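The structure appears below as structure tokens.
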Amino acid sequence: MKNWKQILLPYSQAVEELKVKFKSIRNHYISLDEYSPIEFVTGRVKKISSILEKAKKKNIAVEDIEAKIEDIAGIRIMCQFAEDIYRVIDIIRARDGKDLYIEEERDYITNIKSSGYRSYHIIIKYPLQTGHGEKMIFAEIQIRTLAMNFWATIEHSLRYKYKQNMPTQIQARLTKAAEAAYQLDQEMAEIREEVLKCQESFQLESNLIADIFSSIQTINNKNSTRDMHEIYEMFWSLWEEGDINKLKEFSESLQYST
């Protein structure tokens with residue numbers, strides 16, 4: 001009998017490491033005040049029951065599971081726009097042969113599944129450093145938009161509920177919903193520039209406010225004779241006025257004071 005805990009432990013480690021890598025990429029963009037093609041990252045290790053079910057469906061012997069089932073470790077990368085998916089693909093391809101090895105790419109965006117499922121899958125081998133030496137782990141990276149992910153999550157839940165025997169009318173409605181999700185992505189792509197401008201403006205404002213409060217805290221820590229109440233009143237007045245340029249000048253004056 002297989003010791004599943006021992007078998008799945010490296011997969012859990014691989015998932016956690018890959019999540020950290022892709023979250024770090026997102027954080028790098030954000031720290032530079034740049035738009036990140038990665039909205040958020042999740043990961044999971046396939047349940048034992050799901051592994052055995054897939055092995056049975058594909059007629060894979062238990063001893064061959066690790067060599068032939070490629071999605072025991074799964075990473076999902078969500079993007080705001082369909083265009084971002086291809087930027088993420090390029091990021092992953094640039095790492096091929098460095099800290100991961102691409103085995104196969106499956107484009108279910110161009111080649112939509114009959115159910116309406118859309119996503120881009122990359123099968124990789126990931127060199128994992130364990131206490132017993134290096135171990136190559138198969139992992140599947142799924143890259144999709146938020147709309148694609150919302151549809152796929154609902155579809156997966158229904159398919160599990162009906163145990164693969166989904167009623168025809170429900171499948172038809174899901175297919176229609178998949179097209180609606182696709183149209184939403186198309187619509188968002190058309191207004192992409194306006195959305196990105198809003199996001200950049202929000203990020204700039206957030207960073208500016210953080211700088212202001214950091215300066216206020218520094219002044220306060222120095223036991224400055226300046227009236228802190230007056231500083232806060234000035235800030236809130238400028239904030240309500242909503243003039244970003246005046247807030248910038250206020251921030252610069254505080255930094256000069258510190």
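Position 1 is the first residue of the sequence; numbering continues from there. When reading the values below, keep in mind they use all heavy atoms of this one structure, side chains included, and skip hydrogens, waters and symmetry mates. Fair warning: this is a prediction, and the values are worked out from it, not measured in the lab.
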ask   = Among the clusters formed by ILVMFWY side chains lying less than 4.5 Å apart, do Tyr120 and Ile123 turn up in the same one?
value =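 No; tracing contacts between hydrophobic side chains, which count when under 4.5 Å, never links both residues.
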ask   = Looking only at heavy atoms, what is the nearest atom pair of Tyr11 and Glu66, with distance?
value =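 Reported closest heavy-atom pair: OH-OE1, 3.2 Å.
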ask   = Any idea which heavy atoms bring Ile72 and Arg44 closest together, and the distance?
value =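 Answer, listing the atom of Ile72 first, then Arg44: O-NH1, 3.2 Å.
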key: For Ile89, the option from Ile77, Asp107, Ile143 that meets side-chain contact (heavy atoms from CB on, under 4.5 Å)   =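 Of the listed options, the one satisfying the test is Ile143.
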inquiry  = Looking at Asp90 and Arg87, is any side-chain nitrogen of the basic one under 4.0 Å from a carboxylate oxygen of the acidic one?
reply    =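 The answer is no: the pair does not qualify as a salt bridge.
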key: Lys/Arg N to Asp/Glu carboxylate O, Glu179 vs Lys176, below 4.0 Å   =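 No salt bridge links Glu179 with Lys176.
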message = Using side-chain heavy atoms (C-beta onward) and a distance below 4.5 Å, is Ile124 in contact with Phe138?
response =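 Ile124 does not reach Phe138 side chain to side chain.
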message = Using side-chain heavy atoms (C-beta onward) and a distance below 4.5 Å, is Ile75 in contact with Gln142?
response =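 When only atoms from C-beta onward are counted, Gln142 and Ile75 do not touch, as no gap falls below 4.5 Å.
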Donor + acceptor pair across side chains of Asp185, Thr145 (<3.5 Å) =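 Side chains of Asp185 and Thr145: pair found under 3.5 Å.
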request  = Answer with yes or no after comparing the ring centroid distance for Phe235 and Phe213 against a 6.0 Å cut-off, counting only values under it.
outcome  =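 Aromatic pair counts; centres sit under 6.0 Å.
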Row check, Tyr182 ring normal vs Arg118 NZ/CZ: under 6.0 Å, within 45° =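 Pair Arg118/Tyr182 counts as cation-pi.
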task = Kindly confirm or rule out a cation-pi arrangement of Lys113 over Tyr108, judged by NZ or CZ under 6.0 Å from the six-membered ring centre and within 45° of its axis?
result =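 Yes, Lys113 and Tyr108 form such a contact.
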